[in-house]
Amino acid sequence: MSTSASAPPRQGAPVITRFAPSPTGELHLGNARTALFNQLLARRAGGRFLLRVEDTDSERSHEAHTRALLADLAWLGIEWDAGPDREDARGPYRQSQRGALYAQELAALERAGAVYPCFCTPLELSLARRSQLAAGRPPRYAGTCRDLPPAERARRIAAGVPATLRFRVPGGERIEFIDLVHGPQSFASDDIGDFVVRRADGTAAFFFSNAVDDARMGITLVLRGEDHLTNTPRQLLILAALGHAPPHYGHVALLIGADGAPLSKRHGAVSVREYRERGYLPEAIVNHLFRLGHSTALHGLLSLEQMVQAFDPGHLGRSPARFDEQQLATWQKEAAQRLAPAAARRWLAAVLPPGLDEDSATAFTAALLPNVLLPEDARPWVDIVFGDPPELEPAQAEVVRAAGPGYFSAAAAAAARAGGDLTAIAGAVRAATGRKGADLYMPLRVALTGRAHGPELATLLKVMPAGKARERLARFA
RNA sequence: GCUCCCUUCGUCUAGAGGCCUAGGACAUAGCCCUCUCAAGGCUGUAACACGGGUUCGAAUCCCGUAGGGAGCGCCA
């Protein structure tokens, strides 16, 4: 027998995808990307996108993680049609609540003779693995309990010896399928050892619950990380033994760090939460993820709607993609500049001075936006505009000195009269000194902000508290 | 060790035997614009991992080498 999946679904065929994270930690960027791709895949085909929480490992799974996971996905703008917070007939969407279903399917496997109890202890197994590895052989289950006489099996079960349930992998077969991104795949069943489908504590193991849920939830296309590629034959075997139609599979290459190693904690921030807390905008992250391991002819920041249109599974990359913060910065910059006034104020709320009126806050943030990547970057400008007069660096002091006292007495007088009106101040200085262009504006900028570069001077001046401008200009008069 | 996957500019990638003296975007360099920065415009630098085949012709097909990665768990 050889199991072979047909070609990827045709356009127009119902497409049901899913994202199936385990709530054992924070949402990783790589997982966020597969979630995004799966959502896009479903949307572009007018299908459905489901969210299933794989919390079969009760030790490591936590409800708090599940909540955080949903919150992070929602923050990114990813929406699911059904999930743990939105149950429907296909649910429940928490694996911890699907025990009865698994028992049913497991019983079917037992009836079919596709599984057998294994009494090997974890210690025995790890010892066996170690010696196999040491001998240069694949660390596969040796088949110790595979052909135990029925009487012996019955005896041990009666004696209450803890047992797992193993899948009896048939010999001499090829398991074939067409991977959506890698094309035709072929594996020899002889390379696959009998694997556990039910743990000694009675709970379903990953290969099993994951495959069975995909089938029972009607998933038609599973797009997941490449780390699952060589696991796919096992799942195909389970599904075939159960008589379930397999979904189509696609495996996207993993995300790697700047050094080419799989993206992990040692590369710095790898969770969505960390980026969110640093002030990155969801649009920026999603746009970056969209182009990692995927290509599009479109330029510029894309909305989710545009991504749905532009997403092309045929352009899914086969090689690992580096998560480059510099590229992310480009999207962040663009996303920041597109922020609507109210959103911009909210984004910078933590660094804006308290009690600033709405008009000033709007003008100030608008001026700041082209100059900041993250809210943190706005802090120095808040200090400059609302704090004490800036100290001048030698180079800056020279600019001011070269302008001469006449320049600043005219400027200070104009500021006393016109307040924060740059046009009025610059006009007065021009009249007094005949300067224009950079010669006219640079000393003003330096005297007022202490820096040669920065946001739109007119706006900074306008929001500067009354009297500060005159005071700063008068220092050099 | 075995099985599987991968390898085009610094980065993300286009490329399915001639359209490739390899295209785009970001980054970078220069110029223009400009009160500065940013934005925008123009111009430039920069890549087919290596070696063999196959072919009139190979980034594209085949084989091998090297280098990366994954899986082989009572973790998902």
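Throughout, a chain's letter reflects where its sequence line sits, starting with A, and its residues are numbered from 1. Every value quoted in this text rests on a predicted model; they were computed, and no experiment measured them.
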Between atom [atom1] in [X] and atom [atom2] in [N], what is the gap in whole Å?
X	N	atom1	atom2	value
F195(A)	rG71(B)	CZ	P	16 Å
L27(A)	rA76(B)	CG	P	18 Å
D201(A)	rC75(B)	CG	P	8 Å
D227(A)	rC6(B)	CG	P	15 Å
W331(A)	rU11(B)	CH2	P	18 Å
H299(A)	rG24(B)	NE2	P	9 Å
R445(A)	rC37(B)	CZ	P	9 Å
E176(A)	rU3(B)	CD	C1'	15 Å

Open item on the list: Measuring to OP1 and OP2 of rA14(B), would you say a side-chain N or O of S295(A) lies under 4.0 angstrom away?
Closed with: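 So the side chain of S295(A) is within the cut-off, an N or O lying under 4.0 Å from OP1 or OP2 of rA14(B).
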Open item on the list: Looking at rG71(B), I'd like to know if its phosphate oxygens (OP1 or OP2) sit under 4.0 Å from a side-chain N or O belonging to R234(A).
Closed with: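 It does not, given that no N or O in the side chain of R234(A) lies less than 4.0 Å from OP1 or OP2 of rG71(B).
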Interatomic distance at [atom1], [N] relative to [M], whole Å:
N	M	atom1	result
rA59(B)	rA49(B)	P	10 Å
rA16(B)	rA76(B)	C1'	35 Å
rC9(B)	rG15(B)	C1'	14 Å
rG24(B)	rA14(B)	C1'	7 Å
rU21(B)	rU3(B)	P	40 Å
rU45(B)	rA25(B)	P	15 Å
rG51(B)	rG18(B)	C1'	24 Å
rU28(B)	rC35(B)	P	24 Å

Open item on the list: Pick the closest RNA chain B nucleotide for Q326(A) and for D55(A) by heavy atoms, then say which residue is nearer the 5' end.
Closed with: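 The answer here is Q326(A).
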TODO: Could you check D57(A) against R318(A) and say which one's nearest nucleotide on RNA chain B is further toward the 5' end?
DONE: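 Closer to the 5' end of RNA chain B: R318(A).
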Indicate, with a heavy-atom threshold strictly under 4.0 Å, whether [X] touches base, sugar-phosphate, or nothing.
X	value
E54(A)	sugar-phosphate
T164(A)	base
P320(A)	sugar-phosphate
R224(A)	nothing
T56(A)	sugar-phosphate

Task: R234(A) to F167(A), cation-pi by 6.0 Å centre distance and 45° axis angle - done: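 No cation-pi geometry.
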